[in-house]
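Some notes on the structure that comes next.
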Amino acid sequence: MHNQKELTIILGPTGVGKTDYSLELAKEYGSPIINCDSRQLFTEMRIGTAPPSPEQLACVKHYFIFSNSVQEFYTAGRYELEALALLQELFKEHDRLVMVGGSGMYIDALCNGLDDFPQADQQLRACLMKRLEQEGLENLRSQLKLIDNKSYQTIDIANPQRVVRALEVTLQTGRKFSDWKSVPKKVRPFEIKKIGLIRNRAELYNRINKRVDLMMADGLLEEVRSVLPYRNMPALKTVGYKELFDYIDGLTNLETAVDLIKRNSRRYAKRQLTYWGRDEEIRWYDQF
RNA sequence: AGGGGCAUAGUUCAAGGGUAGAAUAGCGGUCUCCAAAACCGUUGAUGGGCGUUCGAAUCGCUCUGCCCCUG
């Protein structure tokens, strides 16, 4: 076996304790840490995304933390390419690397690859979103049925985001969305080990609730105010930010907004667990 | 202690004696680049006992618990 390179990915629901775990493992391996959290990427979001502390960042070299701006359109596809390139570079000097984060789709993109769709055309997407608003979902569905019936049959047509995406790819490329999706998993030139962290549900929820209070004490509201101009960017469709935008708009009071952040964080954690539930490659470790 | 009120899902609130509903929380699921996103589905209750009635969440008695008022 000439290939001894190994990537260890630490994943798990928000608030489970991934950051601390990753630092210990990285120290043991002498590895830097590659982030695979789709929100800790953004330099303007330093409180609401629970990134590593400045001390932790000083302790181990981190990649993909505060590396991008919320003004950019960042996607799982872009992450796949950039993270893969970085790994190739780092594996020249390391045999074992540590990756940590909670974005299931980003992890899948890195491990298995996405099909090579062209980059999304923001104008086309905006146009489709406008049609969605004006004509309604049913119209877009009908069109999808016409130009790519197989996608119509297989995707979740109750989900506007999916319908728009399938139409977008088909219209943009002249090739059916469903035809793009036939490629098998990509093979990566390194071994991948997935470590899942888990803990008792009630305790996890407690940790999440407390962490939200800490974020508020640390000035989350000010941070949210500072990114207000970019609130329509995908990066800011994020738990902790959405709810405080509503508060700033006067739609809720602060207490309600904070409660909603807690609830939505709990739900997010649950969805993460569901997402990973059928990934048999993950070895789960209960945290105490 | 005396007087009054209340008791329905984890919570907040419905149901003029006739199929106990809703909101919310909770739970479960979907997933090929907006993924901390966007969707889909779902469990669960009349405080205990006795009575009236063909039939009780609803009327009566009683017990328990909570709240208010008065010494």
Side-chain angles (χ1 to χ4, degrees), chain A residues 11-16 18 35-42 45 47-51 70 72-84 101-122 124-126 128-129 132 137 141 151 154-166 168-169 172 176-186 201-202 204-205 208-209 211-212 215 220 230-244 256 259-279:
Chain A
L11 54 84
T14 189
V16 78
K18 296 186 292 292
N35 165 252
C36 56
D37 184 290
S38 69
R39 293 305 192 271
Q40 292 179 3
L41 292 166
F42 298 110
M45 304 166 78
I47 298 175
T49 60
V70 294
E72 299 175 53
F73 287 92
Y74 206 94
T75 63
R78 186 171 158 193
Y79 181 79
E80 178 193 348
L81 299 177
E82 293 184 358
L84 208 54
S103 300
M105 178 140 203
Y106 280 43
I107 294 171
D108 281 352
L110 179 87
C111 293
N112 307 319
L114 299 167
D115 287 313
D116 299 318
F117 305 110
Q119 252 202 337
D121 178 342
Q122 291 302 330
L124 177 59
R125 176 169 296 176
L128 287 167
M129 293 307 289
L132 173 67
L137 179 59
R141 268 188 207 151
S151 286
T154 49
I155 69 165
D156 178 4
I157 56 168
N159 188 334
Q161 226 174 63
R162 299 279 160 70
V163 175
V164 165
R165 175 64 179 160
E168 169 189 298
V169 171
Q172 187 183 336
K176 293 176 185 175
F177 181 62
S178 53
D179 286 345
W180 283 97
K181 300 203 318 186
S182 51
V183 181
K185 286 183 180 181
K186 294 174 184 169
R201 181 72 63 93
L204 180 66
Y205 283 4
I208 287 171
N209 294 340
R211 198 176 64 178
V212 171
M215 286 175 182
L220 180 58
Y230 317 112
R231 62 189 293 176
N232 291 322
M233 296 302 289
L236 290 164
K237 290 170 142 188
T238 300
V239 174
Y241 295 79
K242 294 180 294 188
E243 297 84 353
L244 289 177
T256 305
D259 282 347
L260 284 174
I261 293 173
K262 291 175 183 173
R263 184 198 69 181
N264 291 336
S265 298
R266 295 193 296 267
R267 288 180 172 175
Y268 171 51
K270 191 161 61 63
R271 272 180 278 123
Q272 288 174 300
L273 290 170
T274 300
Y275 187 93
W276 288 310
R278 65 209 146 129
D279 187 341

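Everything quoted here is computed from the prediction, not taken from an experiment. Naming convention: chains lettered A, B, ... in sequence-line order (proteins, then strands); numbering from 1 in each chain.
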Using the [atom1] atom on both, measure [N] against [M] and round to a whole Å.
| N | M | atom1 | result |
| --- | --- | --- | --- |
| A1(B) | U62(B) | P | 16 Å |
| G21(B) | U58(B) | C1' | 15 Å |
| C59(B) | G18(B) | P | 11 Å |
| A22(B) | U42(B) | C1' | 16 Å |
| A56(B) | C61(B) | C1' | 15 Å |
| C68(B) | U11(B) | C1' | 23 Å |
| U46(B) | G5(B) | P | 25 Å |
| U43(B) | G29(B) | C1' | 14 Å |

### Message
Is a donor from one side chain sitting under 3.5 angstrom from an acceptor on the other, for Arg211(A) and Ser265(A)?
### Response
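Their side chains do not contain a donor-acceptor pair, so the 3.5 Å distance test is not met.
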
When we call it a touch if two heavy atoms are under 4.0 Å apart, what does [X] touch: a base, just sugar-phosphate, or nothing?
| X | answer |
| --- | --- |
| Thr14(A) | nothing |
| Phe73(A) | nothing |
| Asn112(A) | nothing |
| Gly113(A) | nothing |
| Tyr205(A) | sugar-phosphate |
| Thr49(A) | base |
| Met129(A) | base |

Whole-Å distance separating the [atom1] atom of [X] from the [atom2] atom of [N]:
| X | N | atom1 | atom2 | value |
| --- | --- | --- | --- | --- |
| Leu114(A) | C31(B) | CG | P | 15 Å |
| Phe42(A) | A37(B) | CZ | C1' | 12 Å |
| Asp108(A) | C31(B) | CG | P | 11 Å |
| Lys262(A) | G26(B) | NZ | P | 13 Å |
| Tyr268(A) | A37(B) | OH | P | 8 Å |
| Leu110(A) | U32(B) | CG | P | 18 Å |
| Lys181(A) | C33(B) | NZ | C1' | 12 Å |
| Lys270(A) | U42(B) | NZ | C1' | 11 Å |

Watson-Crick or G-U counterpart of [N], or none if no pair lies under 3.5 Å:
| N | answer |
| --- | --- |
| A20(B) | none |
| U58(B) | none |
| G28(B) | C40(B) |
| A15(B) | none |
| C34(B) | none |
| U70(B) | A1(B) |
| C6(B) | G65(B) |

Distances for protein N/O vs nucleotides 38-41 of chain B N/O pairs under 3.5 angstrom?
| from | atom 1 | to | atom 2 | distance (Å) |
| --- | --- | --- | --- | --- |
| A38(B) | O4' | Gln161(A) | OE1 | 3.3 |
| A38(B) | O4' | Gln161(A) | NE2 | 2.9 |
| A38(B) | O2' | Asn159(A) | OD1 | 2.3 |
| A38(B) | N3 | Asn159(A) | ND2 | 2.8 |
| C39(B) | O2' | Asp156(A) | OD2 | 2.9 |

If you check every side-chain atom of [X], which of [options] has the closest atom?
| X | options | value |
| --- | --- | --- |
| Tyr106(A) | C27(B), A35(B), U32(B) | A35(B) |
| Val239(A) | C27(B), U32(B), A37(B) | A37(B) |
| Arg267(A) | U30(B), G26(B), A35(B) | G26(B) |

### Query
Counting heavy atoms not belonging to Tyr230(A), are there more than 12 under 6.0 Å from its OH?
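No - once you tally the heavy atoms of other residues, nucleotides and ligands closer than 6.0 Å, there are 12 at most.
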
### Task
Assess whether side chain to side chain contact (heavy atoms under 4.5 Å, CB included) is satisfied between Tyr268(A) and Ile208(A), documenting all intermediate values.
CA-CA 11 Å; Tyr268(A) 171 51; Ile208(A) 287 171; over 6 Å; no

### Message
Both Gly102(A) and Phe117(A) contact RNA chain B. Which one's nearest nucleotide lies toward the 5' end?
### Response
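Its nearest nucleotide being more 5', the pick is Phe117(A).
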
### Of Gly77(A) and Gly104(A), the one whose closest RNA chain B nucleotide lies more 5'
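Looking at RNA chain B, the more 5' nearest nucleotide goes with Gly77(A).
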
### Task
Please state whether the rings of Phe117(A) and Trp180(A) are parallel, tilted or perpendicular, taking 30° and 60° as the class boundaries.
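Correct class here is tilted.
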
So, does [X] use its side chain to make a donor-acceptor pair with the main chain of [Y] at under 3.5 Å?
| X | Y | value |
| --- | --- | --- |
| Lys18(A) | Pro13(A) | yes |
| Arg141(A) | Ile157(A) | yes |
| Gln40(A) | Thr49(A) | yes |

Taking OP1 and OP2 of [N], is either one under 4.0 Å from a side-chain nitrogen or oxygen of [X]?
| X | N | value |
| --- | --- | --- |
| Arg78(A) | C34(B) | no |
| Arg165(A) | U32(B) | no |
| Thr75(A) | C34(B) | no |

Indicate yes or no: at least one non-hydrogen side-chain atom of [X] is less than 4.5 angstrom from one of [Y].
| X | Y | result |
| --- | --- | --- |
| Arg201(A) | Leu273(A) | yes |
| Tyr241(A) | Leu220(A) | yes |
| Phe73(A) | Arg78(A) | no |
| Gln161(A) | Asp156(A) | no |

